[in-house]
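Bear in mind the structure is a predicted one, so any value in this text is a computation, not a measurement. For this chain, numbers begin at 1 and follow the sequence in order.
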Amino acid sequence: MKKFLTIICAAILLMACGNNEQQLKERAAELCQYIPNHELKEVSKDYMTPDFYNVLDTLFNHLPEHEAMDHEWLYYFVTGNGGTIADFEVAAVEQTDKTHAIATIMVRQKWEDGSMADDTDVEEHKMEMELVDGQWLIADFDGHKQDCIRHIEINRKEQAVRKAISAYLEKEVAPHYLKGQLCVPTLLIASEEELSDSMKVWLDAWIYWYNISGDTLKTVSGGNHSGCMTLTNRNGNPTVASFEQTLDGAAFLPSAKRIFNQHFDVFQNMHSSQGVREAARKEQLSDYLKEHQLNIRYYQDYGWPATPIE
C-alpha cells in the first residue's frame, strides 16, 4: 500500500512539475513580445522587473539618441536594421530556484509580410525571469543588463567631462567674443587619456554665440580653439585645470603638430572637414535644446540659409 501511495505521489509531483514547466514556457513566450527591438514599449514596465526596466528606460529615453545608435545592441536586442521581425520560439525553461528561471529562446528573422526564408539562421538567446509579486517578469536578456549599466556609467562620465569643458570655454574664452543670448560650444574630441590624478583631452572646440529669433538661433559670433586640456577632479567633478591652445597664423600648423602629436591626423581630419563639424554642431545643439526645453528648429550663420536641427 505504501509503495502504491509513493508511486501516486511521484506521479502527481511529475505532473505538477510538467504543468509548471509548461506554464513557464507559455509565460516566457508572452514575455518575448516585450524584448526591446527598435523601441522600449511603455507597457513593458508591466512585464519587466523594475530594475531592468529602469536601466533600459535610461538608455532609450534619457541618453542622447546618437549615443545609443553608436552601440546598435542598445536599440536592437534581437534584430538589425534590415526590415525583419524577430520570430520567437521558447525551446526550454529551467527554474533555478523558487523565484528565478532561465528561458532558452530560439530566434529566426522573418520579413514584415510574414514570409520566412528556409535558410534563415536560428540564433539562441537566454532570457532571465524573476518571480515578483506572483508574476514572472523579464529580469535580463543575454546578460545585457550589466552591459547597459557600464555604458550608462561611461556616458555619464563622458557627459560630465564635456560639461566641464563647455563651462570652461563659456567662462574663460567666450567673453572675448561679441556676446549673444546663448553660448553653445561644439566639441570634437580627438583623443582622451586617463592619468593617475588627471585627464588629458585633445579637442577641436568651436565657440558659438546665438540670439533667439522665433524658432531659429541666429549666430552672433564665434571662433575656433583647438588644443589639449588637462582636467582634474575637484569635489567629485571634473574641472579644467589648464588649456594649451594652438597658435594663430603661420604658427598654427607647427603648434598643432606639437600639441596633438600622435593624435594630429585625427585632429586634422576633423578640423579640415566642415561636414564633420556641422554634424557635431547639429547633434550637440539638439542635445542642448532638449536639455533646456527650447522650441528651436534651425540655426543660421550670417549670410547663409537656415539649417534644420534634426
Side-chain angles (χ1 to χ4, degrees), residues 63-64 66-67 152-212 217 219-249 251-252 255-264 266-273 276-294 296 299 301 309:
L63 291 188
H66 61 86
E67 285 290 334
I152 291 169
E153 290 175 351
I154 291 170
N155 178 267
R156 284 176 174 166
K157 183 176 180 180
E158 180 68 24
Q159 292 306 312
V161 168
R162 286 178 171 270
K163 285 187 176 181
I165 292 173
S166 293
Y168 174 88
L169 293 171
E170 291 172 35
K171 181 180 179 181
E172 303 294 338
V173 181
H176 297 287
Y177 289 91
L178 181 61
K179 189 176 180 180
Q181 292 175 282
L182 298 176
C183 179
V184 187
T186 295
L187 311 179
L188 292 92
I189 308 295
S191 187
E192 299 175 352
E193 182 181 351
E194 293 272 4
L195 303 174
S196 58
D197 58 352
S198 62
M199 177 182 188
K200 287 189 176 295
V201 180
W202 290 267
L203 77 161
D204 190 28
W206 296 79
I207 299 291
Y208 292 104
W209 276 106
Y210 301 98
N211 282 337
I212 300 175
L217 293 176
T219 305
V220 175
S221 63
N224 176 245
H225 296 268
S226 306
C228 180
M229 285 189 176
T230 300
L231 289 84
T232 57
N233 194 301
R234 184 179 300 171
N235 298 324
N237 298 309
T239 304
V240 177
S242 63
F243 184 22
E244 184 182 11
Q245 298 189 53
T246 55
L247 302 177
D248 294 332
F252 171 77
S255 66
K257 288 183 176 180
R258 175 179 57 82
I259 294 170
F260 285 89
N261 198 2
Q262 69 267 33
H263 312 303
F264 176 76
V266 177
F267 161 71
Q268 183 70 349
N269 287 337
M270 61 173 57
H271 181 76
S272 61
S273 173
V276 169
R277 183 167 66 251
E278 289 304 305
R281 188 179 179 185
K282 287 180 183 180
E283 280 185 356
Q284 293 172 36
L285 271 176
S286 177
D287 293 341
Y288 180 92
L289 297 174
K290 288 177 183 177
E291 181 181 354
H292 293 82
Q293 298 182 337
L294 296 174
I296 302 294
Y299 69 89
D301 294 332
I309 303 172

Interatomic distance, [X] atom [atom1] to [Y] atom [atom2] [nearest 0.5 angstrom]:
X	Y	atom1	atom2	answer
I207	E170	CD1	CD	7.5 Å
L217	I212	CG	CD1	6.0 Å
L169	L203	CG	CG	7.0 Å
K171	C183	NZ	SG	14.0 Å
I296	L289	CD1	CG	6.5 Å
W202	E193	CH2	CD	4.5 Å

Got a salt bridge between D287 and R162, using NZ or NE/NH1/NH2 to carboxylate O under 4.0 Å?
->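 No.
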N-O pairing of K157 and E192 below 4.0 Å =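 Between E192 and K157 there is no salt bridge, as every charged N stays at least 4.0 Å from the carboxylate O atoms.
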Heavy atoms only: give me the nearest [X]-[Y] pair and the separation to one decimal.
X	Y	result
L188	T186	CD1-CG2, 3.9 Å
Y177	S221	CB-OG, 3.5 Å
R234	T239	CB-OG1, 3.6 Å

Is it the case that the side chain of [X] and the backbone of [Y] share a donor-acceptor pair, with hydrogens and angles ignored and the cut-off at 3.5 Å?
X	Y	result
E244	I259	no
S255	L247	yes
Q245	H225	no
D204	L187	no
S273	N269	no

Minimum side-chain heavy-atom gap [X]-[Y] below 4.5 Å:
X	Y	answer
E172	V240	no
V266	F260	no
L285	Y210	yes
M199	P238	no

Any cation-pi pair here, R277 with W206, using under 6.0 Å and within 45°?
->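 Yes, a cation-pi geometry holds between R277 and W206.
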List the steps, then state whether salt bridge (charged side-chain N to carboxylate O under 4.0 Å, His left out) holds for R156 with E153.
-> CA-CA 5 Å; R156 284 176 174 166; E153 290 175 351; over 6 Å; no
Go through V184 and Q284 one step at a time and tell me if the side-chain contact (heavy atoms from CB on, under 4.5 Å) criterion holds.
-> CA-CA 8 Å; V184 187; Q284 293 172 36; 5.7 Å; no
Measure the acute angle between the ring planes of F252 and F267, then classify it against the limits of 30° and 60° as parallel, tilted or perpendicular.
->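 If you compare the ring of F252 with that of F267, the planes turn out tilted.
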Can you name the one residue among Y288, W209, Y208 that meets side-chain contact (heavy atoms from CB on, under 4.5 Å) with L182?
->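 Result: among Y288, W209, Y208, Y288 is the only option passing the side-chain contact (heavy atoms from CB on, under 4.5 Å) with L182.
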